[in-house]
Amino acid sequence: MALPGPEATVKAKKIVIGVLLAVIGLPVLLVLVVVVSVAILDRTNGTIVSSGKPRSFLLYVPPSYDRAKPTPLVISMHGAAGWPAQQMNLSRWNRLAESQGFLVVYPSGSDVPKIWHVDRGAGLTRDVTFISALIDTLEAAYNIDPTRIYANGLSAGGGMAFVLSCTLSDRIAAVGLVAAAQPMDWSWCTDQRPVPVIAFHGAVDPIVPYQGGPLGDPFNPVTVMFPAVRDWVAGWARRNRCGPNPVESRVAADVTRLEYTDCADDTGPNAAMRLANVHDNPNVMPPPFDSPFA
């Protein structure tokens, strides 16, 4: 059997190197495609400087806005690796803002990919400072009702809504959480002012486990531990000084509602704590706004 000559050996090496470069380069190419796609889709219409860095947001002012009337403001925050326009399209708050007459703003997280720093580091302080400055900016430009400013978010954005309820409780009237990624325990939240909340969680959520445990994201190298949803909700009920026995009811074939009542009412409306459990379905986007949760 004849051995391959030098030219054949060199050709074979070039093929092997070419295959290796293609394999190595494919993930890089995919990352570049994702980055470019997000850059195209990530449209915003406002920027402020906070903590020395530009921070962007997407603001929706309905045509019905009347400068003479104090108007509610909803702050809606995207999940990790999301962006403002994505949150706008997922939540569909603009449609309700038009029919109910309020402003809605979708702030942008920081870093690449965009995240909210729902941990105990300096990033959390910067994010809180940004949201507070954003409220100041919008109050200066529009007739915002300071008693009706609300925060909500998806996943890490929901975790950020919890952070705001603890750090800006004098400005945030109530919060809404969807599959909130909240790794911090209640010992971190020293603010005892009751803040009404409604939370949506999937009983089979593969990312934020309902029974608690590590983050279910195989691509995330950081180990993040979440508390059991019901334990965490019970902590919020204690914060709102609710009665100890929640009422559970079924509102749809695959949705149950857990509601704590007899809560503190020193914030104006009763500081209720509601949890919607979506069973057998990882999709926990809230039900239509005319649902029993509205």
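Numbers here simply count residues along the sequence, with the first being 1.
The shortest side-chain heavy-atom distance between Met160 and Val128 falls under the 4.5 Å cut-off. Counting only heavy atoms from C-beta outward, the side chains of Trp188 and Leu124 approach each other to under 4.5 Å. Annotation: side chain of Val104 is not in contact with side chain of Leu73 (no heavy-atom distance under 4.5 Å). When side chains are defined from C-beta on, Ser249 counts as touching Arg257, because their heavy atoms get closer than 4.5 Å. Put simply, the side chain of Pro62 reaches to within 4.5 Å of the side chain of Leu103, judged on heavy atoms.
Of the possible donor and acceptor atoms, none in the side chain of Gln211 sits under 3.5 Å from a partner among the backbone N and O of Ala228. In terms of modelled atom types and a separation under 3.5 Å, the side chain of Glu259 and the main chain of Thr261 share no donor-acceptor contact.
The two residues Met77 and Pro107 come nearest to each other via the heavy atoms CG-CG, 3.7 Å. Closest approach of Ala180 to Val208, counting heavy atoms only: O-CG1, 3.6 Å. Considering all non-hydrogen atoms of both residues, His117 and Gly123 come closest at CB-C, 3.4 Å. Heavy atoms only, all atoms of each residue included: Ser108 and Pro84 are closest at CB-CG, 3.7 Å.
Pairs of residues two or more places apart, or lying in two chains, that qualify as ring-ring contact (aromatic ring centres under 6.0 Å, His included) and include a residue from residues 230-255 are Phe162-Trp232, Phe162-Trp236, Trp186-Trp232, Trp186-Trp236, Trp232-Trp236. Counting only residues at least two apart or on different chains, no salt bridge (charged side-chain N to carboxylate O under 4.0 Å, His left out) pair has a member in residues 66-85. For the salt bridge (charged side-chain N to carboxylate O under 4.0 Å, His left out) condition, no pair includes a residue of residues 156-168, sequence neighbours left out. For residues 58-79, every residue pair satisfying the ring-ring contact (aromatic ring centres under 6.0 Å, His included) rule, not counting sequence neighbours, is listed here: Tyr65-Tyr142, His78-Trp116.
The hydrophobic clustering, which links ILVMFWY residues whose side-chain heavy atoms are closer than 4.5 Å, places Leu90 and Ile115 apart. In terms of hydrophobic clustering, with Ile, Leu, Val, Met, Phe, Trp and Tyr side chains grouped at heavy-atom distances under 4.5 Å, Met225 and Val118 are assigned to different clusters.
Ionic pairing of Lys53 and Asp111 is not present here: no N-O contact between side-chain nitrogen and carboxylate oxygen is shorter than 4.0 angstrom. Note on Asp262 versus Arg241: no salt bridge recorded, every NZ/NE/NH1/NH2 to OD/OE distance being 4.0 Å or above.
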Can you list the steps and then say if Arg230 with Tyr210 is a side-chain hydrogen bond (donor to acceptor under 3.5 Å, both in side chains)?
CA-CA 8 Å; Arg230 290 213 178 196; Tyr210 191 85; 3.2 Å; yes
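Not a single salt bridge (charged side-chain N to carboxylate O under 4.0 Å, His left out) links Glu98 to another residue, sequence neighbours left out.
Note that SG of Cys189 and CZ of Arg239 are 4.0 Å apart. Values are rounded to the nearest 0.5 Å. Rounding to the nearest 0.5 Å places CE of Met88 at 11.5 Å from OG1 of Thr44.
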Taking only distance into account, with no hydrogens and no angle test, what donor-acceptor pairs under 3.5 Å do side-chain atoms of residues 167-179 form with protein atoms, sequence neighbours excluded?
{"residue": "Thr167", "atom": "OG1", "partner": "Val163", "partner atom": "O", "Å": "2.8"}
{"residue": "Ser169", "atom": "OG", "partner": "Asp191", "partner atom": "OD1", "Å": "3.4"}
{"residue": "Ser169", "atom": "OG", "partner": "Asp191", "partner atom": "OD2", "Å": "2.3"}
{"residue": "Arg171", "atom": "NH1", "partner": "Ser132", "partner atom": "O", "Å": "3.3"}
{"residue": "Arg171", "atom": "NH1", "partner": "Ser132", "partner atom": "OG", "Å": "3.1"}
{"residue": "Arg171", "atom": "NH1", "partner": "Asp136", "partner atom": "OD1", "Å": "3.0"}
{"residue": "Arg171", "atom": "NH2", "partner": "Asp136", "partner atom": "OD1", "Å": "2.8"}
{"residue": "Arg171", "atom": "NH2", "partner": "Glu139", "partner atom": "OE1", "Å": "3.1"}

